Amino acid sequence: MRPSSFDEFERSMWAGQAEIFNESMAHLCGHTAPALLSAAAGDRDLAGLRLLDVGTGSGTVAGLADARGALVTAVDAEPSMVELTAKRVPGAEVRQAILPELPFADATFDAAVANFVINHVGDPAAAIAGMRRVVRPGGRIAVTIWPHPKPEAQRLWDEIFDAAGAVRPPDLPRLDPALDFRRDRAGLTALLAGAGLTGVTGVTISWTMRIDAAAWWSGPAAGIGLTGLILAAQDEPTAIRVRQEFERRTAPYRGPDGVLAVPTAALLAAGTV
């Protein structure tokens, strides 16, 4: 299957970015890992569970699952992520793979997870269906996404860009409206139920992200994610204003050690195959 332009754009954002992702945005994404794994295990123990971690990134979820005794297979579309995760989680089988065409036989796994992955694919329903195919009947699937309206940490970047007069480039990736879904709890649970999962539940996870201010800046500065694309599109005077606004608007969240404490939230949904 030829990937959509949305998928191609998404993959271009992450090319070669594993190390910088691990030092920056992985801090934000990693908080949900314990709850995600608990939802995927259901009433089973993680030890001995055949678990697929889809879109593993730098391996945070895979590493935690491996430490808890799961039999972990981790995949990612980006080769640098595959390489880094293989180094960080030597107990896991790590392979390159692109949703929804996962290179595994039907019913291979007891559970599959995707931590902030469904928001990076051009056909979310097909991605869930691809995960469902490789999980055995009675197995579990659990996913997380960022919600809309945006939580405070993500909304803060919009405020920074607006205050600096940054212009959003017109060619930012847009999901086909016919393939999109509501980015709230009802929308996410409906996505999983639509793929044939049963007993689907959804929760909002709220927490305070704690990250060094320089690390949080370094991700977008290196072109990571949508924020990085917007920052890279600015001329030099505007980019300087963005940095100034970043310093000013993150100051209220900054402790004496330079660590930011910013409230955020995510959606977690899970169901049974």
Side-chain angles (χ1 to χ4, degrees), residues 4 6-7 9-10 25 28-44 51-57 60-61 99-100 102 109-159 168 172-209 225-227 262-273:
S4 70
F6 181 92
D7 288 316
F9 208 135
E10 280 285 341
M25 299 306 293
L28 177 61
C29 299
H31 181 87
T32 54
L36 183 72
L37 290 173
S38 293
D43 57 4
R44 291 192 56 180
L51 179 80
L52 175 64
D53 179 22
V54 178
T56 189
T60 300
V61 173
L99 281 167
L102 297 168
F109 301 98
D110 299 311
V113 296
N115 196 37
F116 304 109
V117 175
I118 301 304
N119 43 300
H120 292 292
V121 298
D123 190 338
I128 298 296
M131 294 172 67
R132 182 184 186 278
R133 180 186 65 78
V134 300
V135 173
R136 63 167 177 81
R140 302 271 295 169
I141 291 174
V143 304
T144 53
I145 64 167
W146 301 116
H148 186 82
K150 295 179 181 179
E152 189 168 347
Q154 287 84 343
R155 193 169 63 245
L156 184 59
W157 275 106
D158 286 337
E159 296 170 358
R168 274 66 166 181
L172 290 177
R174 306 288 182 189
L175 196 63
D176 183 340
L179 300 176
D180 207 352
F181 66 99
R182 282 171 45 194
R183 306 307 169 100
D184 57 17
R185 188 162 54 184
L188 183 59
T189 54
L191 182 71
L192 270 62
L197 301 185
T198 62
V200 177
T201 58
V203 297
T204 299
I205 302 173
S206 300
W207 74 99
T208 298
M209 176 189 67
L226 189 59
T227 306
V262 190
T264 192
L267 299 175
L268 165 64
T272 301
V273 173

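This one's a predicted model, so the numbers in the text were calculated from it and none came from an experiment.
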Please examine the side chains of [Y] and [X], heavy atoms only from C-beta on, and report whether any two atoms are closer than 4.5 Å.
X	Y	value
Q154	T264	yes
I145	P124	no
L156	E159	yes
W207	P151	no
L191	V143	no
D110	L51	no
L268	T32	no
F181	I128	no

- Item | Residues that T272 engages under side chain to side chain donor-acceptor pair (under 3.5 Å), provided they are two or more places apart |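 For T272 the side chain to side chain donor-acceptor pair (under 3.5 Å) partners, ignoring immediate neighbours, are R140.
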- Task: Check the pair V121, D7 against side chain to side chain contact (heavy atoms under 4.5 Å, CB included), reporting the backbone distance first and the verdict last.
- Result: CA-CA 6 Å; V121 298; D7 288 316; 4.1 Å; yes
Residue pair [X] / [Y]: nearest heavy atoms and the distance that separates them:
X	Y	value
G30	T60	CA-CG2, 3.9 Å
A126	P100	O-CB, 3.2 Å
A195	A129	CB-N, 4.4 Å
V113	A40	CG1-CB, 3.4 Å
V61	A33	CG2-CB, 3.8 Å
V203	R185	N-CD, 3.7 Å

- Message: Donor-acceptor check, side chain of T144 to backbone of F116, threshold 3.5 angstrom: yes or no?
- Response: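 Indeed, once roles are kept as given, a pair shorter than 3.5 Å links the two residues.
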Measure the [atom1]-[atom2] distance between [X] and [Y] for me, rounded to the nearest 0.5 Å.
X	Y	atom1	atom2	result
D180	R174	CG	CZ	11.0 Å
R182	L267	CZ	CG	11.0 Å
L36	D53	CG	CG	8.0 Å
W146	L28	CH2	CG	3.5 Å
I118	L99	CD1	CG	6.0 Å

- Message: Which residues pass the salt bridge (Lys or Arg N to Asp or Glu O under 4.0 Å) test with D158, not counting sequence neighbours?
- Response: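 Here the qualifying residues are K150, R168.
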- Message: Restricting to salt bridge (Lys or Arg N to Asp or Glu O under 4.0 Å), what partner residues turn up for R133, sequence neighbours left out?
- Response: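 If we apply the salt bridge (Lys or Arg N to Asp or Glu O under 4.0 Å) test to R133, skipping adjacent residues, the hits are D106.
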- Query: Hey, which of I141, V273, L102 is the one that makes side chain to side chain contact (heavy atoms under 4.5 Å, CB included) with V134?
  - Reply: L102
